[in-house]
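Labels below follow one simple rule: chain letters A, B, ... track the order of the sequence lines, proteins then strands, and each chain is numbered from 1.
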There are 2 protein chains.
Amino acid sequence: MAKIIDVANRAGVSAATVSRALNNVGTVDPALAERVRAAAAELGYRPNGVARNLRRQRTDVWALIISDIENPFFTAVARGVEDIARERGFSVLLCNADEDKHKEDRYLQVAEQEQVAGVIISPNMRGSDISRMVQASIPVVTIDRTVRTPVDSVMVHSRAGAREATEHLFASGWRRPACITGPEYADTAEQRLQGYLDAVKDARRRPATSLIRHTNFQVEAAHAATLSLLGERRPPDAFFVANATMALGALQALTDRGLKPGRDVGLVAFDDAPWARLVDPPLTVVAQPAYDIGATAARLLTERIQRSAPQRPRHVTLSTELIVRQSSLRPG
Amino acid sequence: MAKIIDVANRAGVSAATVSRALNNVGTVDPALAERVRAAAAELGYRPNGVARNLRRQRTDVWALIISDIENPFFTAVARGVEDIARERGFSVLLCNADEDKHKEDRYLQVAEQEQVAGVIISPNMRGSDISRMVQASIPVVTIDRTVRTPVDSVMVHSRAGAREATEHLFASGWRRPACITGPEYADTAEQRLQGYLDAVKDARRRPATSLIRHTNFQVEAAHAATLSLLGERRPPDAFFVANATMALGALQALTDRGLKPGRDVGLVAFDDAPWARLVDPPLTVVAQPAYDIGATAARLLTERIQRSAPQRPRHVTLSTELIVRQSSLRPG
DNA sequence: CTGAAAGCGCTAACAT
DNA sequence: ATGTTAGCGCTTTCAG
């Protein structure tokens with residue numbers, strides 16, 4: 001591999017001039033710059049990014065740490081982040097924490113060690129180790145969930161969205177909606193549960209703990225939770241499920257039991273997904289502006305990186321949209 | 001941020017000893033090692049990975065460059081890669097090339113500059129710039145698709161799988177199956193088309209170009225292709241679609257036209273997906289061992305990284321499995 | 001078993 | 001406008 005000094009020798013200049021010419025920094029005689037570029041091309045020179053990063057004490061790389069790569073919400077977020085990052089000259093490295101605290105910690109550590117320019121993360125809640133990043137003065141933006149450490153965040157009105165979804169279930173004529181939400185330590189899960197409870201109380205029903213299940217946000221757990229709810233002495237007649245991944249599990253469980261949403265039971269899920277309108281029946285959802293969430297987080301991060309002066313954390317909260325298809329409807 | 005010399009001072013030793021103690025390398029007096037660890041902990045010391053990488057001239061990070069993050073095939077592959085990587089002490093950074101050559105090139109460049117230990121990639125075919133990696137002596141394993149540059153690869157028997165799928169369509173009583181495949185420059189797409197053609201010829205039909213569509217492997221393109229096929233003078237009565245993402249588009253188009261698979265038309269897709277059994281009707285698929293593909297690629301890469309001696313490229317080809325659900329069946 | 005010293009490849013101050 | 005020099009933080013010879 002050709003190094004900068006090889007290019008310098010070939011072009012008959014110093015290494016510093018090569019660096020300046022290739023990075024368009026400072027002032028270089030146009031003719032010289034051209035000679036340098038030619039020499040670099042002939043040698044197939046590629047700057048060693050590791051050396052550059054060490055010297056510059058910074059990187060043009062972001063880490064995007066998401067909770068679950070199979071959740072379409074996060075893949076859409078990733079698109080939003082990437083588009084803006086590219087526009088601003090950053091590369092983004094995607095890390096899949098898989099709702100697992102150890103993996104998340106590992107990626108956070110890699111991000112710190114590799115001195116990334118910034119981190120966007122949907123934190124697992126059990127005390128995500130964000131404070132280390134702040135100590136290392138690496139800007140962090142959280143999405144979807146918040147943490148104790150005060151950093152920028154982009155959220156949606158989960159509680160309001162969940163409430164609207166559950167109200168819609170009541171309005172459609174269902175009487176005993178259940179709620180399948182995420183882990184107790186995830187505030188997104190908690191807010192969606194609260195929204196559900198808001199609607200239950202508004203409908204002047206008594207919230208029953210037997211109609212609530214906490215899971216790890218994954219397919220299998222939702223499948224089990226649905227079966228468990230169906231096995232209750234007084235089973236629910238409708239379901240509010242707190243994300244798209246779990247909707248798959250719930251749908252499967254209902255199918256297993258021969259129960260058809262939109263006919264035998266009601267079903268609404270948080271998050272839209274590419275397949276949501278194609279399942280049987282088409283799924284009613286609370287859609288999040290996932291792409292915008294990613295794009296917004298990316299913008300906040302860029303600003304944070306550019307300003308050297310510390311500044312109060314900024315919080316952006318976006319709205320959800322109820323999309324009524326068929327799974328929530330009640331015949332007759 | 002504490003540096004190694006700070007730890008050294010606090011522990012009353014040299015930087016070299018700190019390095020040795022923390023990396024468990026060479027021989028360090030146990031008592032000293034303990035003192036070093038204590039000092040490091042007190043200072044919250046984290047080694048600067050960039051500096052370490054520069055000195056060591058290597059990294060413990062892989063780049064996994066996939067074609068489309070929304071395709072469940074690739075997310076499953078990613079799981080397989082990550083599990084093995086973690087087991088062997090590597091971290092994997094996921095890059096979404098989005099079926100876009102520019103993005104792919106960019107990530108390849110970042111991977112080279114950041115001196116990753118290895119690359120696993122599902123290459124976009126229009127001359128992926130793999131040769132640069134080889135020049136930089138960074139090991140590469142391709143998955144799903146191959147390139148000209150001779151490197152290790154993990155593939156599936158695409159042609160056989162496609163043939164089996166199409167034969168199944170004929171066996172179910174359909175007479176004019178169409179094929180929606182990927183770009184002409186992608187050999188996976190080409191092989192799936194060939195498998196389709198094999199079956200057509202076996203059935204003693206004449207392959208009609210009017211029944212074949214090339215797309216970019218994405219939802220929208222498949223949607224359009226399906227509508228276009230339906231608009232032919234002699235439209236097909238069945239569809240073989242070359243990946244899961246496109247199945248979504250085809251399904252949508254058929255639904256738009258009021259055509260129900262498993263009743264009005266036949267439909268088989270390459271790739272299984274979490275939602276495949278939940279759509280209406282459940283989708284018949286040619287399942288790829290996606291997780292195993294990832295895991296196998298990861299194993300090949302590890303071996304390649306460990307052996308210093310060059311060695312002929314290795315190619316592993318795994319088998320597919322036809323899973324008959326309902327979308328391919330013909331009533332009566 | 002430990003320390004001193006060199007140096008990975010690059011960029012940024014400082015000279016000229 | 002260009003070259004010289006120093007040094008980013010770490011690991012790894014090489015001495016002792």
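- The interatomic distance linking A/Asn24 (CG) with C/dT11 (P) rounds to 12 Å, in whole Å.
- Side-chain atoms of B/Thr146 and B/Asp187 form a donor-acceptor pair, as typed in the model, at a separation below 3.5 Å.
- Spacing between atom CD of B/Glu114 and atom P of C/dG9 amounts to 15 Å, rounded to whole angstrom units.
- Of the listed nucleotides (D/dG9, C/dC8, C/dG3), D/dG9 has the atom at the smallest distance from the side chain of A/Leu54.
- Distances were taken from every side-chain heavy atom of A/Ala16 (C-beta onward) to each of D/dG9, C/dA12, D/dT11; the shortest belongs to C/dA12.
- A/Asn9 places its CG atom 11 Å from the P atom of D/dG3, with the value rounded to the nearest Å.
- Between A/Asn53 and A/Glu114, the side chains place no donor N or O within less than 3.5 Å of an acceptor N or O (distance only, hydrogens not considered).
- Residue contacts for A/Val50: at a heavy-atom cut-off of 4.0 Å it reaches no nucleic acid atom on any strand shown.
- Comparing A/Tyr45 and A/Arg20 by the nucleotide of DNA chain C that holds the closest heavy atom to each, the one mapping nearer the 5' end is A/Tyr45.
- Within a 6.0 Å sphere centred on NE2 of B/His315, other residues, nucleotides and ligands contribute more than 12 heavy atoms.
- Between A/Asn23 atom CG and C/dG9 atom C1' the separation is 13 Å, expressed in whole Å.
- Set against D/dG9, D/dT11, C/dT2, the side chain of B/Asn48 has D/dG9 as its closest nucleotide.
- At a threshold of 4.0 angstrom between heavy atoms, the contacts of B/Val28 are confined to the sugar-phosphate backbone, with no base atom among them.
- Neither OP1 nor OP2 of C/dC10 sits under 4.0 Å from any side-chain N or O of A/Ser19.
- Whole-Å rounding puts the A/Asn53 CG to C/dA12 P distance at 12 Å.
- Whole-Å rounding puts the A/Gln57 CD to C/dG9 P distance at 18 Å.
- Close to D/dG3, at under 4.0 Å from its OP1 or OP2, lies a side-chain N or O of A/Thr17.
- Nearest nucleotide to the A/Ala51 side chain, out of C/dG9, C/dT2, C/dC1: C/dG9.
- Contact annotation for B/Thr27: base contact, defined as any heavy-atom pair under 4.0 Å involving a base atom.
- Side-chain contact between A/Phe74 and A/Asn96 is absent, with no heavy-atom pair separated by less than 4.5 Å.
- Residue contacts shown for A/Val25 are absent, as no nucleic acid heavy atom lies under 4.0 Å away.
- Of the candidates C/dT11, C/dG3, D/dT4, the closest approach to any side-chain atom of A/Ile4 belongs to C/dT11.
- Rounding to whole angstrom units, CZ of residue B/Arg35 and P of C/dC1 are separated by 15 Å.
- Here the side chains of B/Met133 and B/Leu108 are in contact, with some heavy-atom distance below 4.5 Å.
- Evaluation of atom-type donor-acceptor distances gives no pair under 3.5 Å for the side chain of B/Arg55 against the base of C/dG9.
- In terms of phosphate contacts, B/Arg52 brings a side-chain nitrogen or oxygen within less than 4.0 Å of OP1 or OP2 of D/dT11.
- Taking a 6.0 Å sphere around CZ of B/Arg148, one finds it holds 12 or fewer heavy atoms contributed by other residues, nucleotides or ligands.
- The CG atom of A/Asp6 sits 11 Å away from the C1' atom of C/dG9 (whole-angstrom rounding).
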